[in-house]
Protein chains: 2
Amino acid sequence: MRAAAEQVAESLRDEILAGVFPSGARLGEAELAGRLSVSRTPVREALSRLAAEGLVEIQPNRGARVVTRTPDELREIFEIRLRLEPYAVCRAVPRLTARQLDELDDLATTMVTVGRSSTLVDLNRCFHGLFIDAAGSPPLAQALRAVTHAAVVHQNFHDYSEDALDRSLRHHVEMVAAARAGDGEWAEAIMRAHLCNARATMIGGRP
Amino acid sequence: MRAAAEQVAESLRDEILAGVFPSGARLGEAELAGRLSVSRTPVREALSRLAAEGLVEIQPNRGARVVTRTPDELREIFEIRLRLEPYAVCRAVPRLTARQLDELDDLATTMVTVGRSSTLVDLNRCFHGLFIDAAGSPPLAQALRAVTHAAVVHQNFHDYSEDALDRSLRHHVEMVAAARAGDGEWAEAIMRAHLCNARATMIGGRP
DNA sequence: CACCGCAAGATTGCATGCAATCCTTCCCAC
DNA sequence: GTGGGAAGGATTGCATGCAATCTTGCGGTG
């Protein structure tokens, strides 16, 4: 993409995922343009892009807002992730380099030590993102990022019970073990459990 | 989206999916703006949008082109569809109205009669799109449209063998029967076979 | 007191203009 | 004859300006 627009999009994406803009926050073009010292044109382009990524929604003549998902949509997003992300992990395992394995190890162990901090969601995003990238399938990565991003916006680990959070972190560690063992099937199974655990705690039990 | 930009995007989307612009065709901003009697601004916005939809790819300072997928990417797109579209059909079946069932019937039977015409791909797109919409899950629809669009660009039924095309059309009819019976499991199974059949003929046998 | 209509301010949508980058082609040196 | 390089044209990227639309606050009316 274009340099300035790319920078604006990246900055906005980071800030939205970091929670700087809460869900539903209004994103005025002029305000963003002023904040980043660019014209409104690249801002509009970035907003368009983020809208397609599922991070913001644009209403004609009414501006852009950070997306708000209904509980139903959140549940659906997990259904999609459950069907794609385990597959991505299975594909990724045989392609992981030693360097990437170490990085995953770092992320998993760090997440255990940092506890409930704001960096936890960042580390989690990196962890899942690394697997998605390592799957080596641009279409898969595109499809998954759209839904994982949308989920992350509403995920801050605050809702996790002590038990659920503990399980989630152990899943990461176990997934790295499975990856080191080269067992894609194992890693895929853990990812499936990982997402079910997340779904149960985020959405609540089956109604 | 904005009125003019929306119109440009829709027009471009239709023309790309209709094959007016072949895969890899250059999409100059000035040319498109002139053709549709708008300024370059909405054209740029539409191209950005279509890029996010996976229909075109934008290279910085080098303009936009209709996407070209490698065989590997096409194969991956089918892997994604195989994991999402049967699920979408299963969800859609209990939600289909009588009117939608009739429409599906029309589409399926029409596709049998028209034979290998250029409208076949359009009808096919409507058929699959109706199921996707009827699933009633915006995130699922978004994820699926991105990959199905990209696949349609490279799909013109020319590569289908007589047998494969026959199977494909019968699948549609059977899917409608399953939907009328309210049997989501049945419809889901046929959709899975339908996609495997398409994958086999479009990609070729397993290497 | 509540509700509807209206006008001013604010914001978005599009057109246009200019600078930056890329592609083409021609020329020159080897 | 071939390869490298530079100038010209063409195209993209961004900034700015203006018209159209929406939001907000106020006044009037029932």
Side-chain angles (χ1 to χ4, degrees), chain A residues 1-16 20-69 138 142 150 153, chain B residues 1-16 20-69 138 142 150 153:
Chain A
M1 198 197 287
R2 302 76 173 184
E6 169 74 16
Q7 199 166 2
V8 173
E10 191 172 348
S11 172
L12 264 179
R13 188 171 20 232
D14 287 346
E15 289 183 319
I16 291 174
V20 175
F21 296 106
S23 172
R26 206 167 127 39
L27 301 171
E29 296 179 2
E31 176 199 344
L32 295 173
R35 268 172 39 102
L36 297 166
S37 300
V38 293
S39 129
R40 275 175 49 220
T41 308
V43 171
R44 288 173 60 78
E45 177 142 353
L47 287 175
S48 248
R49 176 105 185 171
L50 295 179
E53 286 181 17
L55 275 175
V56 308
E57 55 190 352
I58 297 180
Q59 295 164 309
N61 293 315
R62 298 188 53 186
R65 316 182 79 89
V66 179
V67 290
T68 61
R69 299 289 183 189
Q142 184 189 359
V153 172
Chain B
M1 196 197 286
R2 300 77 171 184
E6 169 73 17
Q7 199 166 2
V8 173
E10 191 172 346
S11 172
L12 264 180
R13 187 172 19 232
D14 287 346
E15 289 183 318
I16 291 174
V20 175
F21 296 106
S23 172
R26 213 174 121 40
L27 300 171
E29 295 178 2
E31 176 199 343
L32 295 173
R35 267 173 39 103
L36 296 165
S37 300
V38 293
S39 128
R40 275 177 47 218
T41 307
V43 171
R44 287 174 61 78
E45 178 142 354
L47 287 175
S48 247
R49 177 101 183 174
L50 294 179
E53 286 182 16
L55 276 176
V56 309
E57 55 190 352
I58 297 179
Q59 294 164 311
N61 293 316
R62 297 188 54 187
R65 318 183 77 87
V66 179
V67 290
T68 62
R69 297 289 185 190
Q142 185 189 358
V153 172

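Chain letters run A, B, ... following the sequence lines, proteins first, then strands; residues in each count from 1.
Toward the 5' end of DNA chain D, the nearer of the two residues Glu29(B) and Val38(A), judged by each one's closest nucleotide, is Glu29(B). In terms of position along DNA chain D, the nucleotide closest to Leu27(B) lies nearer the 5' end than the nucleotide closest to the other residue of the pair Thr41(B) and Leu27(B).
Rounding to whole angstrom units, CZ of residue Arg49(A) and P of dG13(D) are separated by 12 Å. With rounding to whole Å, Arg65(A) atom CZ is found 15 Å from dC22(D) atom P. Separating the CD atom of Glu31(B) from the C1' atom of dT12(D) is a distance of 15 Å, rounded to the nearest angstrom. Between Arg44(B) atom CZ and dA15(D) atom C1' there is a gap of 12 Å when expressed in whole angstrom units. Taking atom CD1 of Ile58(A) as the reference point, atom C1' of dT12(C) lies 11 Å away to the nearest angstrom. Look at CG on Asn61(A): it is 18 Å from P on dA10(C), rounded to the nearest Å. Between Glu6(B) atom CD and dC14(C) atom P there is a gap of 10 Å when expressed in whole angstrom units. One atom, CG of Leu47(B), and another, P of dT11(D), lie 14 Å apart when rounded to the nearest Å.
Closest approach of Ala150(B) to Gly54(B), counting heavy atoms only: CB-O, 3.9 Å.
A donor-acceptor contact shorter than 3.5 Å links the side chain of Gln142(B) to the backbone of Ala52(A).
Listed candidates were dT21(C), dT11(C), dA15(C). Nearest to the side chain of Ser39(B) is dA15(C). Closest to the Ala4(A) side chain, of the nucleotides dC14(C), dG13(D), dC14(D), is dC14(D). Here the nucleotide nearest the side chain of Arg26(B), chosen from dC14(C), dT12(D), dC14(D), is dT12(D).
A side chain to side chain contact (heavy atoms under 4.5 Å, CB included) with Val8(A) is found for one member of Leu50(A), Val43(A), Leu47(A), Leu32(A) and no other, namely Val43(A).
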At a cut-off of 3.5 Å, list every protein nitrogen or oxygen paired with a nitrogen or oxygen from nucleotides 17-20 of chain C, distance to 0.1 Å.
none

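The shortest side-chain heavy-atom distance between Glu10(A) and Glu6(A) falls under the 4.5 Å cut-off. With a 4.5 Å cut-off on side-chain heavy atoms, Glu31(A) and Arg26(A) do not count as touching.
Put simply, Arg62(B) has a side-chain N or O that comes within less than 4.0 Å of OP1 or OP2 on dC23(C).
Around the CD atom of Gln7(A), the shell of radius 6.0 Å holds no more than 12 heavy atoms that belong to other residues, nucleotides or ligands. Within a 6.0 Å radius of CD in Glu15(A), other residues, nucleotides and ligands contribute more than 12 heavy atoms.
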